[in-house]
Number of protein chains: 2
Amino acid sequence: MAHSGEALNTVSPAGVMLWRKIADDIEHAIVRGDFATGEKLPSEQDIADRFGVNRHTVRRALAELTERGLVRAERGSGTYVEPARISYPIRARTRFSEIINASGRMAGGRLLASSKEPAPRDIALRLDLPPNAMTIRLEILRSANRVPISLGTTWLPADLAPDAAKIYRAARSVSRLLAHIGFRDYKRRDTRVSAAMADAIHAAKLQLTPGRPLIVVDSVDIASDGRPILTSHARFAADRVELVIEN
Amino acid sequence: MAHSGEALNTVSPAGVMLWRKIADDIEHAIVRGDFATGEKLPSEQDIADRFGVNRHTVRRALAELTERGLVRAERGSGTYVEPARISYPIRARTRFSEIINASGRMAGGRLLASSKEPAPRDIALRLDLPPNAMTIRLEILRSANRVPISLGTTWLPADLAPDAAKIYRAARSVSRLLAHIGFRDYKRRDTRVSAAMADAIHAAKLQLTPGRPLIVVDSVDIASDGRPILTSHARFAADRVELVIEN
DNA sequence: ACTTATTTGTTCGTATGTATG
DNA sequence: ACATACATACGAACAAATAAG
């Protein structure tokens, strides 16, 4: 609550969509920095009074901003400014650590589990392996500035790196793991994106409320000779990330 | 229930992850066509008996397939094979009708609402317009084979096509609308992807259960000279579509 | 309208094997 | 060697929704 006062005190000129004007003004106040991340907005009634409108109109405006992820309303408490979502570009060279570091945050990766096991049907297909070929499976929780971002399972052919888990633990990054076993210029072949709701287990690991939306990303990475060397199935907290595809 | 019988009757060889073997076998039976889309699988107890395992083990396998969207369980009724998700490629030339038609389905688009209004803050930014410049807003429900796929709002600068709604109604496609006003080779500049839950209103329009996941796609299209001519905010039913990004 | 059987969902308990310290 | 924790798998019972008569 650094400031307060006139932040939202703008006159409403035009004659179209009152709630939109108000939404725009609140958004402007937020991006301008009048309200810090996590800070509580004035109450709906306060805002309504300042604009000289009914509280319903303010609620319509806040609903717009809520849907766009700028604010979050807590019943009985207030409306809070949400942290800006991290832009996560999907490119041929997509590496978590680089992306997070480039955004000025600290990338983290924690190996939750690992195993050596025969490839499930779909994974064998993706990696272009014979059915039941052995793979290394790594389950990794990734974070930015200690905030969980994604929960992913990564598979790679076992013959490429039988001790992948150990290497990962030392390297603390999949790209460094791959570099260590000789793949320095691997690249993304394709990325498939869907969405799901967080169940209790995923929510706990990602420090989310169950039911919050997840972006589900399935990807295949290939070596320079085109051979698939890695595939992953990851769930991103949609509240904290947005994928960006540039053409 | 065209078939039945031996479809799931496979022996379990290896000694690793029983439920995974079963999941793989069921998946195989589905992709092989032993069970048609919408068809009911045998009951959990039936499957358990055939494999000679506990029902919990079958449930673990079905949970895997449920999460991957291959089947859907209905309490008291049964477990059903889900329709395959439509692959929706995100490329420089991304046009809904072409994509759906190329998949062998019939593309549909219904204009739910339209208006001429000053651009909201974020839309003005995307279209590189001065604040409050007039835009045409089109709200469109798109479908494939009569099944709702996405619910989107499209904005374009009003000076480009003051009668965009009328043209759309005749052309029944945004790409044909743009072609009609002289933009034949527009292309996608960027695409931002997030996720959300369907609220009651969106769910009703998309014929979904409220709470189901949506893929939220924000995009900007540019003319050949690089000028933004169209931006859209669309929600895709994640149960019915997956986005594909190829590199 | 009511009953009964079927089917998925949930919660106990038990046993076993495998890591971890 | 031992204790602890964890995941897999089995078993039994019951709740809740659905379908059938």
Side-chain angles (χ1 to χ4, degrees), chain A residues 110-121 123 132 134-141 151-155 158 161-170 172 196-206 210-211 233 235, chain B residues 1-5 7-27 29-30 34-83 203 208-213 239:
Chain A
R110 199 157 65 83
L111 187 63
L112 300 184
S114 70
S115 64
K116 179 176 177 173
E117 57 183 62
R121 265 192 75 73
I123 300 303
N132 289 328
M134 290 308 282
T135 55
I136 304 295
R137 182 183 62 86
L138 306 174
E139 200 177 322
I140 301 172
L141 178 68
L151 180 62
T153 309
T154 296
W155 286 267
D163 51 352
K166 188 169 299 182
I167 303 175
Y168 178 86
R169 248 184 285 263
R172 305 172 60 81
M197 297 169 22
D199 62 24
I201 295 158
H202 296 146
K205 292 182 177 166
L206 286 168
H233 174 79
R235 300 169 198 80
Chain B
M1 55 188 63
H3 83 311
S4 198
L8 293 178
N9 218 346
T10 341
V11 275
S12 11
V16 265
M17 294 284 192
L18 201 42
W19 62 265
R20 172 152 287 164
K21 293 290 318 163
I22 294 172
D24 282 358
D25 280 354
I26 298 176
E27 179 187 0
I30 291 173
D34 290 339
F35 299 99
T37 294
E39 193 175 342
K40 182 153 69 171
L41 293 184
S43 77
E44 294 172 352
Q45 191 56 60
D46 271 11
I47 299 176
D49 291 344
R50 293 192 206 185
F51 282 97
V53 300
N54 190 274
R55 186 159 79 99
H56 286 303
T57 312
V58 174
R59 285 180 60 76
R60 179 68 185 83
L62 290 176
E64 177 79 9
L65 300 183
T66 300
E67 205 213 2
R68 288 187 23 222
L70 273 78
V71 302
R72 166 185 42 89
E74 282 185 14
R75 160 132 85 154
S77 176
T79 304
Y80 298 83
V81 178
E82 285 276 83
L208 282 174
T209 312
R212 297 275 28 178
D239 295 335

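The chains referred to below are lettered A, B, ... by the order of the sequence lines, with proteins before strands, and numbering in each begins at 1.
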State which of C:dG9, D:dA9, D:dG11 makes the closest approach to the side chain of B:Arg59.
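Nearest nucleotide to the side chain: C:dG9.
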Listed pairs, N/O of protein and of nucleotides 11-20 of chain C, under 3.5 Å:
| residue | atom | partner | partner atom | Å |
| --- | --- | --- | --- | --- |
| C:dT11 | O4 | B:His56 | NE2 | 3.3 |

In whole Å, I'd like the distance from the [atom1] atom of [X] to the [atom2] atom of [N].
X	N	atom1	atom2	value
B:Arg60	D:dT8	CZ	P	6 Å
A:Arg137	D:dA7	CZ	P	11 Å
B:Ile47	C:dT7	CD1	C1'	12 Å
B:Asn54	C:dT10	CG	C1'	14 Å
B:Arg72	C:dG9	CZ	P	11 Å
B:Asp46	C:dA5	CG	P	18 Å
B:Leu41	C:dT8	CG	C1'	13 Å
B:Lys21	D:dT8	NZ	C1'	17 Å

To check you understand the geometry: which heavy-atom pair defines the closest contact between B:Thr57 and B:Trp19, and what is its length?
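In this case the closest contact between B:Thr57 and B:Trp19 is O-CB, 3.6 Å.
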Where do A:Leu112 and A:Lys205 come nearest, in terms of heavy atoms and distance?
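In terms of heavy atoms, the two residues are closest at CD1-CD, 3.9 Å.
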Looking at side-chain heavy atoms only, is the closest gap between A:Ile140 and A:Tyr168 below 4.5 Å?
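Heavy-atom side-chain distance check passes, below 4.5 Å.
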In the structure I gave you, are the side-chain heavy atoms of A:Leu141 and A:Leu206 within less than 4.5 Å of one another anywhere?
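Contact flag for A:Leu141/A:Leu206 side chains = yes.
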Using purine N1 to pyrimidine N3 plus N6-O4 or O6-N4 for Watson-Crick, or N1-O2 and O6-N3 for G-U wobble, both under 3.5 Å, which nucleotide pairs with D:dA1?
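Paired with D:dA1, as far as the under-3.5 Å criterion goes, is no nucleotide at all.
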Using a 4.0 Å heavy-atom cut-off across all strands, classify B:Gln45 as base, sugar-phosphate, or nothing.
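It contacts nothing in the nucleic acid.
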In this structure, are over 12 heavy atoms from other groups packed under 6.0 Å from A:Arg172 atom CZ?
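At most 12 heavy atoms, drawn from other residues, nucleotides or ligands, come within 6.0 Å of this atom.
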Look up atom CD in B:Glu67 and atom CZ in A:Arg235, then write down how far apart they are to the nearest 0.5 Å.
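These two atoms lie 4.5 Å from each other.
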Interatomic distance, B:Glu64 atom CD to B:Asp24 atom CG [nearest 0.5 angstrom]
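Between atom CD of B:Glu64 and atom CG of B:Asp24 there are 8.5 Å.
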Short N/O separations, protein against nucleotides 14-17 of chain D, under 3.5 angstrom:
| residue | atom | partner | partner atom | Å |
| --- | --- | --- | --- | --- |
| D:dA16 | O4' | B:Arg75 | NH1 | 3.1 |
| D:dA16 | O3' | B:Arg75 | NH2 | 3.4 |

With a 4.0 Å limit, can you tell me whether B:Thr79 has a side-chain N or O closer than that to the phosphate oxygens OP1/OP2 of C:dT8?
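True: B:Thr79 side-chain N/O within range (under 4.0 Å) of C:dT8 OP1/OP2.
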Check each of B:Leu41, B:Leu70, B:Thr79, B:Val81 against B:Ile26 using the side chain to side chain contact (heavy atoms under 4.5 Å, CB included) test, and report the only one that passes.
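Option passing the side chain to side chain contact (heavy atoms under 4.5 Å, CB included) with B:Ile26: B:Leu41.
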Counterpart residues, side chain to side chain contact (heavy atoms under 4.5 Å, CB included), relative to B:Ser77 (two or more places apart):
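Side chain to side chain contact (heavy atoms under 4.5 Å, CB included) check on B:Ser77 returns B:Glu74, B:Tyr80.
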